[in-house]
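Scroll down for the structure; my scribbles are underneath it.
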Amino acid sequence: MIDFDITPLLPELLLSISAMALLIIGVIRGNHSTVILCWLACAAFAIAACIVLRMPWESHAVLNNMFVIDEFAAFFKILILMGLIASLALSVEYIYLERMARFEYPVLIMLAGVGMLLMVSANNLLSLYMALELQSLSLYILAAFQRSSIKSAEAAIKYFILGALSSGMLLFGISLIYGFTGSIDFNIIRETLSQAQAHSPGVTIGLAFLLAGLAFKISAVPFHMWTPDVYQGAPTSVTAFFAMVPKIAAMGLLLRVLMFTFSPVSGDWMQIVSFLSVASMIVGAFAAIAQDNIKRLIAYSSIGNMGYALIGVVAATPEGAGAVILYLFIYMMMTAGVFAVILCMRREGMMVSQISDLSGLSKNRPVLAYAMAALMFSMSGIPPLAGFFGKLFIFLAAVQQGLFPLVILGVLSSVVSAYYYLRIIKVMFFDEAGEPFDPGMSFEKRAVLFVSVLFILGFIVKPNLVVNSAMSAAKSLSSSNSSDVRSLVD
Amino acid sequence: MVVQAFAFYLFAGILILSALMVITARNPVHSVLFLILAFFNAAGLFIMLGAEFIGMILVIVYVGAVAVLFLFVVMMLDINFADLRKGAMHYVPLGCAIGALLLFELITLYGMWQKSPTLQANRAVPSEKMADLTNTEMLGTILYTDYIYAFQLAGLILFVAMVGAIVLTHRTRPGVRKQKIADQVSRKAEDVLEIVKVTSNTGV
């Protein structure tokens, strides 16, 4: 019978109901209540994170097996909620300065957040698709949020059209998978695939289409074309949000689909994912060299970083998955700090985003410059900062599986990408000083930057804290609710 | 059987012809009208398949709402469709090549299609259990029970779409004079009228 237990959905229910409540408050009180709504939304995220922490984490699926909660999902949910709090806190001042403080902003971020939380808990191709669409639709709107800017509108249109195309590919892939297995339930698909002796080419092609749709969401090459334009055109606070959170959710979804549902046909997807990984690393490393806009640079850097994370997926072991989770966590913390600095780049009340605008930062704002330098060293993977360990665990997991070509390419491209990270440090410390930025830095940005720098510097002191929980979250994935399968098939 | 075959070819023939007219008609209003005709014929095909619910939805939603909306947009927006089509001819060879490739791939794919041996057992809702129900009843019995999660999620997606449409288009205009009926009713004569005694030969 159907399990109508909705307690595992409590965080999502809380967030969606409070999004509606905030919308009502916003409609009544008008746009000047935006700042209060932002903090209320942050409080809702924090409460949701507490609920996730207090929830029983042993794996079980509810609502006709469409929604699953396990340690893997819970860990990702906490990551996503942390990212949501950080990105909303970074936006508060920015949306006022850019005159785009409308009360729908926190509401849309919350609804996107609900979509992401549901994505990592999807246990069915239907709930996968619906959660993905809930998330993407909110993101398209956020990209267009600055209505007066043509660039923002262009970014949103590009994102929307390419996103719709990728959804189409995803659905086509799902239809082929359904055509072979006769089910959209992850458990049944896994069971069917592991029993079948010969695989129909339909499943392989369906899986390829499914992967194309998901690769679009994590902006892996060759589905990355939208990323630089969207990152550059969207309002900077939205770019910070895009860079930090949605990719974590999409990667969580990808991990569950590949390492749990399609693990019986891992030979089929490994080639595809290796290609995505290598192409992303190379494009991310070389295309970023030519950029002078810092938002575009971060876009290419995020493409490259997804390439490294995909190496861990190719390893297809619990260690690999754990390394991916750890990598995403560290990447999110670093990006939060980088955007806290980027959002301070204002001259005479206008946002500037050229890399050359950072020149002389070490003289005008030494604290900001040293924090940014630490973040850039960490991004380029220089020990003993956190970014180094992220890459280390990924490469270790790959070496254990004998994926030497991937590891060598990964190390080489991270050497290339070190060039553009270090170039930012060179501009900040050794170039002719330009006009200083507008003084002052809001409390939220200080707090985010402080936490981020503290994390990357202090990771070496107690690495086991994060590493162990990431590894045990990854272990729960491969063993996830396989016990219910039999009862369901009978 | 003959009647059925006749009905099928009638619906299918008109469907293909009107679909062709949608993309070739010069006048965009004619295109939309042909689109409506295409929807009606597709609905006929669905009903012949025994999927009367989808057929009805097609008529109600697509003809009743979507196509009429298209018609409004086409009539109200001043778009020069001839200009839009100008560059399109350049892409015809490339488009045909890609289309042919896709068609070839799909034919090969479906030509060597295999089903999983457990396909029948895997089905979520075996239709034999519901053999004596109509289409609409079948959907109703599972939509709010087995698929309540997806149903609610669809509601949330529509909610986002609604919020988005308002965020991206709604503008508050300053200086708009609105009629305030309460103010008008509560106005008193002494607030607005002044009675002046005018003596002759002095003016007001």
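Lettering of chains follows the sequences in order, A, B, ..., and the numbering in each one begins at 1.
- Remark: side-chain polar atoms of A:Ser194 are paired, donor with acceptor, to backbone N or O of A:Glu191 under 3.5 angstrom.
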In a table with atom names and distances, give each donor-acceptor pair under 3.5 Å that connects a side chain of residues 42-49 of chain B to protein atoms at least two apart or in another chain.
none

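- With 3.5 Å as the limit, one finds no donor-acceptor pair spanning the side chains of A:Ser152 and A:Arg147.
- A donor-acceptor contact shorter than 3.5 Å links the side chain of B:Ser31 to the backbone of B:Val22.
- Of all residues in residues 91-98 of chain B, none places a non-hydrogen atom less than 4.5 angstrom from a non-hydrogen atom of chain A.
- B:Ile148 touches chain A through its side chain: at least one heavy atom from C-beta onward sits under 4.5 Å away, while N, CA, C and O do not.
- Checked by atom type and distance alone, the side chain of B:Arg123 pairs as donor or acceptor with a backbone atom of B:Gln120 at under 3.5 Å.
- At a 4.5 Å heavy-atom cutoff, B:Thr108 makes no contact with chain A through either its backbone or its side chain.
- With a 4.5 angstrom heavy-atom cutoff, A:Ile205 touches chain B only via side-chain atoms.
- Contacts between B:Ala165 and chain A at a heavy-atom distance below 4.5 Å are absent for every atom of the residue.
- B:Thr145 OG1 to A:Leu63 CG: the interatomic distance, rounded to the nearest 0.5 Å, is 11.0 Å.
- Proximity to chain B is limited to the side chain of A:Val114, based on heavy atoms less than 4.5 angstrom apart.
- Both tests pass for A:Arg102 against the ring of A:Phe145: distance under 6.0 Å to the centre and angle within 45° of the axis.
- Within the 4.5 angstrom heavy-atom criterion, atoms from both the backbone and the side chain of A:Leu134 approach chain B.
- Ranked by heavy-atom pairs shorter than 4.5 Å toward chain B, the options A:Ile184, A:Leu111, A:Ile189, A:Leu126 are led by A:Leu111.
- Annotation: maximal heavy-atom pairing with chain B below 4.5 Å, among A:Gln135, A:Glu104, A:Glu133, occurs at A:Glu104.
- For B:Leu156, the parts lying near chain A are the backbone and the side chain together; criterion is any non-hydrogen pair under 4.5 Å.
- When atom types are taken as modelled, the side chain of A:Ser33 and the backbone of A:Arg29 share no donor-acceptor pair closer than 3.5 angstrom.
- Proximity of a side-chain donor or acceptor of A:Asn124 to a complementary backbone N or O of A:Met66 within less than 3.5 Å is not detected.
- Remark: the B:Thr134 side chain and the B:Thr136 side chain contain no N/O donor-acceptor pair separated by less than 3.5 Å.
- Per-residue counts of heavy-atom pairs under 4.5 Å with chain A were compared for B:Ile166, B:Val163, B:Thr118, B:Leu168; the largest is that of B:Leu168.
- With a 4.5 Å cut-off on non-hydrogen atoms, A:Ser138 touches chain B through its backbone and its side chain both.
- A donor atom on one side chain and an acceptor atom on the other are not found under 3.5 Å apart for A:Tyr129 and A:Ser167.
- Neither the backbone nor the side chain of B:Leu158 comes within contact range of chain A, judged by heavy atoms closer than 4.5 Å.
- For A:Leu142, no part lies under 4.5 angstrom from a heavy atom of chain B.
- Aromatic ring orientation, A:Phe67 versus B:Tyr149: perpendicular (interplanar angle above 60°, classes split at 30° and 60°).
- By number of non-hydrogen pairs under 4.5 angstrom with chain B, the leading residue of A:Val107, A:Leu9, A:Leu118, A:Val203 is A:Leu118.
- Using a 4.5 Å cut-off on side-chain heavy atoms (C-beta onward), A:Leu176 and A:Phe180 make no contact.
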